[in-house]
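Read the structure below first, then the notes.
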Amino acid sequence: MRGAAILSALAVLGAAAGLSACGFTPLYADPAVGSPLRRVAVVGQDDRLGYRLREQLEDALAWDRSATPLYRLETRVQQSRRPLGRRIDDTATRYELTVKADWTLTPATGGTPVSGSETVTTTYAAADQPYAAIAAQQDGEERAAAELARLIRLDVMQALAAR
């Protein structure tokens with residue numbers, strides 16, 4: 001009985017050591033701990049959508065403000081809005097918001113930058129009240145920025161893994 005318990009404990013320790021060697025990260029571990037993602041400084045354009053994307057990217061990359069950045073991620077955002085569905089008075093009932101983000105990742109020490117582009121489309125309802133319409137549009141922008149940040153993070157991870 002005692003020998004079986006010792007064998008079980010050794011098996012668990014061996015499995016844990018094997019997982020740590022392969023780069024396994026537990027589900028609830030701190031995101032990107034010790035990773036170069038934490039040392040990417042994000043620079044965006046100076047408007048509401050650029051600010052939202054920068055904030056989302058900083059959260060997605062778990063940027064460590066206390067560490068010297070190893071990379072600089074510059075983003076440029078363009079958006080277009082298209083009315084969908086029409087009421088009898090020819091006003092839109094919904095809008096389709098398409099946001100395109102071009103990004104460039106540049107090493108702080110110099111070197112070849114990596115560039116990419118992502119596009120996201122979201123929709124939102126058109127409201128009759130002015131404040132509700134503005135809030136709906138801003139919510140659509142926030143959702144687009146969050147999805148763009150997720151996609152750009154994946155692109156940056158791929159670019160860093162290839163280096």
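The heavy-atom pair separating A125 from A136 by the smallest distance is O-CB, 3.5 Å. Shortest non-hydrogen contact noted between D47 and G50 is OD1-N, 2.7 Å. Minimum interatomic distance between R143 and T122 (heavy atoms only, all atoms of both residues): NH1-CB, 4.0 Å. Looking at every heavy atom in both residues, A127 comes nearest to A133 through CB-N, 3.7 Å. Here the closest heavy-atom approach between residue P107 and residue T112 is recorded as CD-O, 3.9 Å.
At least one side-chain heavy atom of L73 sits less than 4.5 Å from a side-chain heavy atom of L61. L148 places none of its side-chain heavy atoms less than 4.5 Å from the side chain of Q56. Under the 4.5 Å side-chain criterion, counting only non-hydrogen atoms from C-beta, R82 is not in contact with T98. The shortest side-chain heavy-atom distance between L97 and Q137 does not fall under the 4.5 Å cut-off. Using a 4.5 Å cut-off on side-chain heavy atoms (C-beta onward), T68 and R39 make contact.
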Subject >> side-chain contact (heavy atoms from CB on, under 4.5 Å) between L105 and L160, worked out >> reply: CA-CA 9 Å; L105 182 68; L160 292 176; 4.0 Å; yes
Subject >> Derivation of the side-chain contact (heavy atoms from CB on, under 4.5 Å) call for V77 and Q45 >> reply: CA-CA 7 Å; V77 184; Q45 64 198 46; 4.0 Å; yes
Original post:
Yes or no on side-chain contact (heavy atoms from CB on, under 4.5 Å) for W103 and V114, after CA distance, side-chain angles and deciding distance?
Top reply: CA-CA 8 Å; W103 60 268; V114 179; 4.0 Å; yes
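Between the R54 side chain and the T75 main chain, no donor and acceptor come within less than 3.5 Å of each other.
For Y124, the ring pair (Phe, Tyr, Trp, His ring centres under 6.0 Å) partners are Y95, not counting sequence neighbours.
Rounded to the nearest 0.5 Å, atoms OG (S115) and CZ (R76) are 14.5 Å apart. How far CZ of R150 is from CG of D155: 10.0 Å, rounded to the nearest 0.5 Å. For the atom pair CG (D128) and OG1 (T93), the distance works out to 10.5 Å, reported to the nearest 0.5 Å.
L151 and L53 fall within the same hydrophobic cluster, defined by Ile, Leu, Val, Met, Phe, Trp and Tyr side-chain heavy atoms under 4.5 Å apart, directly or through other members. Cluster annotation: V40 is not connected to W63 through the hydrophobic network of ILVMFWY side chains, with a link wherever side-chain heavy atoms come within less than 4.5 Å. Residues Y71 and V43 do not share a hydrophobic cluster, defined by chaining ILVMFWY side chains whose heavy atoms lie under 4.5 Å apart. Clustering ILVMFWY residues whenever any of their side-chain heavy atoms sit less than 4.5 angstrom apart, transitively, puts V42 in the very cluster that holds L70.
Around the CD atom of Q158, the shell of radius 6.0 Å holds no more than 12 heavy atoms that belong to other residues, nucleotides or ligands.
Screening R52, E118, Q79 for a side-chain contact (heavy atoms from CB on, under 4.5 Å) involving V99 leaves a single residue, Q79.
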